[in-house]
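One structure below.
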Amino acid sequence: MTPIARRYFIKNGFDGSMTILGIIVGSWIVGVTKPEIIVTAGLGACLAMGVSGLFGAFMTEKAERKRHLKTLEAAMLTDLRNSIHNKASEFVSVYAAFIDGASPVLTGVIALIPFILTLTGTFVIWDAYVVSFTLILATLFSLGLYLGRIAKENIWLYGVQTVAAGILIVAIVLLLGAI
Amino acid sequence: MIRRLVLDVLKPHKPDVIELSEALSKLDGIEGINIIIYEIDQQVENAKVIIVGNGIDFENIKKKIEEMGATIHSVDEVAAGKIIVEEVKTPQDRFARM
């Protein structure tokens, strides 16, 4: 995976997990017992994050690549429209957009799996909350481990940091719920 | 039939000389490539490209070089025919190569 794709994957994957974590903790506080509410709200959020990531990354990368190409054209005093630079620019924009759009959907859907299973009768809603929360922490921890591996530093420390961010969100939402 | 070409090429840093030489060496009629970078700027670099082969197609070379984002500044030497004729030193040429 290229550095750009890696950044987009981790950053937006993190966003996906955190968003669904917020929805789940909020739902638990107000005592939502209908899984379809959480699934619908969660999938809606996933869709929004996916589309936002897709278009946002595509437009951003396209603009950055165009700028880079124009700078190179000015230095070369030539038209690079038919060069591999232009083809690479277009490919990277689409590739980055796909990663940016798919990563929050992937991590978000992972967190929603227990509630989807509740719809089929496999889980009781309160178990789904616990399993989903565990899955989110595991996803955050995995993203942290991956970050640690990229940084070539202590992977466990990175894992603990990303999990701590998740726990912080839970604490804030619980505090807001208590008010 | 072109057997040797020496080109002065202006190219971006990427693709690098390894990629450029590999791309050029795959073209028909080419037996060997030598690329030397002799000047580097912030965005671009100048390269001396020496191509040897049996029946080098200049248009194909030009197309490939432009596809790689580079441009030919000048054609500095051409050797064509059944054998490669080397440059000869004469009293008039102070810089001739022997």
Side-chain angles (χ1 to χ4, degrees), chain A residues 1-13 53-103 146-147 149-152, chain B residues 5-30 32-51 53 56-78:
Chain A
M1 209 182 266
T2 62
I4 295 169
R6 251 188 339 232
R7 271 198 293 274
Y8 279 134
F9 176 76
I10 294 167
K11 188 183 139 313
N12 271 26
L54 201 72
F55 281 95
F58 181 72
M59 299 305 286
T60 311
E61 280 302 317
K62 196 176 162 192
E64 282 291 337
R65 302 280 150 182
K66 285 275 173 204
R67 181 190 163 94
H68 178 70
L69 201 66
K70 282 190 198 309
T71 312
L72 199 57
E73 279 180 336
M76 291 285 301
L77 298 173
T78 188
D79 185 354
L80 292 171
R81 259 179 302 182
N82 295 322
S83 71
I84 55 168
H85 294 81
N86 192 33
K87 287 175 194 160
S89 296
E90 285 169 5
F91 173 76
V92 168
S93 304
V94 174
Y95 178 56
F98 174 75
I99 297 284
D100 204 60
S103 61
Y146 185 48
L147 273 178
R149 217 183 78 181
I150 292 166
K152 291 180 180 166
Chain B
L5 261 180
V6 179
L7 307 171
D8 183 18
V9 170
L10 178 72
K11 64 178 283 301
H13 297 311
K14 290 273 176 185
D16 59 22
V17 281
I18 295 168
E19 289 169 278
L20 181 61
S21 62
E22 279 175 348
L24 289 173
S25 66
K26 283 175 190 158
L27 295 177
D28 286 341
I30 291 175
I33 301 273
N34 182 306
I35 304 180
I36 301 154
I37 299 292
Y38 66 89
E39 194 178 335
I40 299 177
D41 288 331
Q42 198 181 357
Q43 300 272 349
V44 293
E45 55 199 19
N46 288 82
K48 180 180 175 181
V49 180
I50 304 164
I51 303 163
I56 298 166
D57 185 338
F58 177 70
E59 284 308 314
N60 263 352
I61 302 272
K62 191 176 171 217
K63 199 176 153 194
K64 182 53 80 178
I65 285 175
E66 284 174 356
E67 196 186 305
M68 303 292 275
T71 49
I72 297 173
H73 264 183
S74 59
V75 180
D76 294 341
E77 189 186 310
V78 183

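Letters go in sequence order (proteins before strands), and every chain restarts at 1.
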(message) I want to check something: taking the side chain as every heavy atom from C-beta on, are A/Met76 and A/Thr71 in contact at a cut-off of under 4.5 Å?
(response) no
(message) Is B/Glu66 close to chain A through its backbone or its side chain, or both, or neither, when contacts mean heavy atoms under 4.5 Å?
(response) backbone
(message) At a heavy-atom distance under 4.5 Å, which candidate from B/Lys14, B/Gln43, B/Gln42, B/Glu67 has the highest pair count against chain A?
(response) B/Glu67
(message) Under a 4.5 Å cutoff for heavy-atom pairs, which residue among B/Ala70, B/Pro15, B/Pro12 has the most contacts with chain A?
(response) B/Pro12
(message) Would the distance check show the side chain of B/His73 and the main-chain N or O of B/Leu7 forming a donor-acceptor pair, the cut-off being under 3.5 Å?
(response) no
(request) Report yes if the side chains of A/Ile4 and A/Ile99 come closer than 4.5 Å at any heavy-atom pair, otherwise no. (result) no
(message) Using heavy-atom distances under 4.5 Å, tell me whether A/Leu80 contacts chain B through its side chain, its backbone, both, or neither.
(response) side chain
(message) Side chains of B/Lys11 and B/Ile65, heavy atoms from C-beta outward: is any pair under 4.5 Å?
(response) no
